[in-house]
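Have a look at the structure below before the remarks.
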Amino acid sequence: MTVNKYTKEDILRTAKEQNVRFIRLQFTDLLGTIKNVEIPVSQLEKALDNKMMFDGSSIEGYVRIEESDMYLYPDLDTWVVFPWVTEDRVARLICDIYLPDGRPFPGDPRGILKTALKEAEEMGFTAMNVGPEPEFFLFKTDEKGNPTMELNDQGGYFDLAPTDLGENCRREIVLTLEEMGFEIEASHHEVAPGQHEIDFKYESAVKAADQIQTFKLVVKTIARQHGLHASFMPKPLFGVNGSGMHCHQSLFSGKENAFYDENDKLGLSATARYYMAGILKHARAFAAITNPTVNSYKRLVPGYEAPCYVAWSASNRSPMIRIPASRGLSTRVEVRNPDPAANPYLALAVMLKAGLDGIKNKTQLPPPTDRNIYVMTEEEREEQGIPSLPVDLKQALDELLRDDVICDALGEHALAHFYELKEIEWDIYRTQVHAWEREQYLTLY
């Protein structure tokens, strides 16, 4: 049983000592958007006793108006005081969502991830560790503070000032994250102009998903203070790399990394191989969750370092799964197709369920692909049994409905609401007339 880092008394004392005036009770909707109920500090004790109610019918993908009452159960370990507010200080707690009868709400993304982790525990795994790498772009804002399409720099991979004009903003983001308890491992300019990456240390799955949400909030807040707009849109610009959110993951049994085997040529255990086989088997179906927007599929095209093909390699970066060089406790698989528009709780839940399905069924891993898949012909890919990821959101949604394992990971409630929301998104996109069409056809026909 896990022991809380903070007690109720710790939180009440800290709030008083740091002159906290408001608390944001945060949670995440089905589409991955952070929501919060802000309360004055006078209501903090009530919130810590799980007595804070909110209207679930107003949240995307939650419930109908006639079943709207829900309760916020704060996770005490997520208590943090926001460092960027000095007067009338604001703190936050991330919450799980419960129904009035005391049952967890089946549409709560955080709860869905916890359910998947329970299955892993029943199979003998004590932890899923995740190291996420969310990338983002920094755009200049206009005099009204609205984002423009003008990038704040023309830097490239690992460039530094004066080419990388985002360096000061990125540095302040890092310092703020460290103040909030993050362990930052690296911070650098990414391949595309205006694109950045900040890597933080791996954590257990729920905490990693919490950190992704906190990371997005911090990045956007600090960027705004620098007169910039931070966007986690997967492919904001044509002709340059999009933003991914590679997810390094491993399973542990006690203190042992279940993915490591010193006697194997690649240092990978049978468990790791089955897990990867499960990921590859279900990749086309879980793409709807890990790559959940119309725009996500503009990133998954050849030539921009994003994986389009369902394959794995120990070194090659064109397949969907790569095995980083570290071994021992650091042995892990890097799943490279997710993007930062994904709801991190749902994305980790579906990848974990896919991997566990591979372990349960001892699914055989296909041979590694060590050639650059981008230069292979379609016939060569077919010959080697390398399928493509879905080419658009509609195809991904169709694949999702055909896969019982991924549908089960989401549960009936979340699946139905997610599918409905995404079907609407696809329909709006499909029926819209885009600028490209006018440019191509208006004078031609």
Query raised in the report: Tell me, do Ile279 and Met351 make a side-chain contact under 4.5 Å, heavy atoms counted?
Result: yes
Requested in this report: Check whether the side chains of Thr78 and Asp75 place a donor and an acceptor atom closer than 3.5 Å, and report yes or no.
Outcome: no
Query raised in the report: What do you reckon, are the aromatic ring centroids of Tyr98 and Tyr71 less than 6.0 Å apart?
Result: no
Query raised in the report: Who pairs with Phe200 by ring-ring contact (aromatic ring centres under 6.0 Å, His included), at least two apart in sequence or on another chain?
Result: Phe182, Phe215
**Report entry** Centroid-centroid distance, Phe54 to Phe27, less than 6.0 Å
**Finding:** yes
Query - Full working for salt bridge (Lys or Arg N to Asp or Glu O under 4.0 Å) between Arg103 and Asp101 - result: CA-CA 6 Å; Arg103 287 180 300 129; Asp101 63 8; 2.8 Å; yes
Query raised in the report: With a 4.0 Å cut-off, would you call Lys8 and Glu45 a salt bridge?
Result: yes
Query raised in the report: Going by atom types only, do His282 and Asp357 share a side-chain donor-acceptor pair under 3.5 Å?
Result: yes
Requested in this report: Would you tell me whether Asp210 and Tyr345 have side-chain atoms, one donor and one acceptor, within less than 3.5 Å of each other?
Outcome: yes
Query raised in the report: Is there a side-chain contact between Pro74 and Cys95 (heavy atoms, below 4.5 Å)?
Result: yes
Query - Test item: side-chain donor near acceptor, Glu135 and His196, under 3.5 Å - result: no
Query raised in the report: Between Val310 and Ile386, is a side-chain contact (heavy atoms from CB on, under 4.5 Å) present by the stated rule, with each step listed?
Result: CA-CA 6 Å; Val310 183; Ile386 301 172; 5.7 Å; no
Requested in this report: Ignoring hydrogens and angles, state whether a donor on the side chain of Thr28 or Gln213 is under 3.5 Å from an acceptor on the partner side chain.
Outcome: yes
**Report entry** salt bridge (Lys or Arg N to Asp or Glu O under 4.0 Å) assessment of Asp96 paired with Lys114
**Finding:** CA-CA 10 Å; Asp96 294 307; Lys114 286 183 173 183; 2.8 Å; yes
Report summary line: By ring-ring contact (aromatic ring centres under 6.0 Å, His included), Tyr297 pairs with (sequence neighbours left out) none
**Report entry** Aromatic ring proximity, centroids under 6.0 angstrom, Phe259 and Tyr275
**Finding:** yes
Query raised in the report: Going through the checks in order, is the side-chain contact (heavy atoms from CB on, under 4.5 Å) test met by Ile39 and Leu25?
Result: CA-CA 8 Å; Ile39 59 169; Leu25 302 176; 4.1 Å; yes
Report task. Could you verify whether a donor N or O on one side chain and an acceptor N or O on the other, from Asp339 and Ser296, lie under 3.5 Å apart? Result -> yes
Requested in this report: Compute the centroid of each ring, for His229 and then for Phe137, and state whether the two points are separated by less than 6.0 Å.
Outcome: no
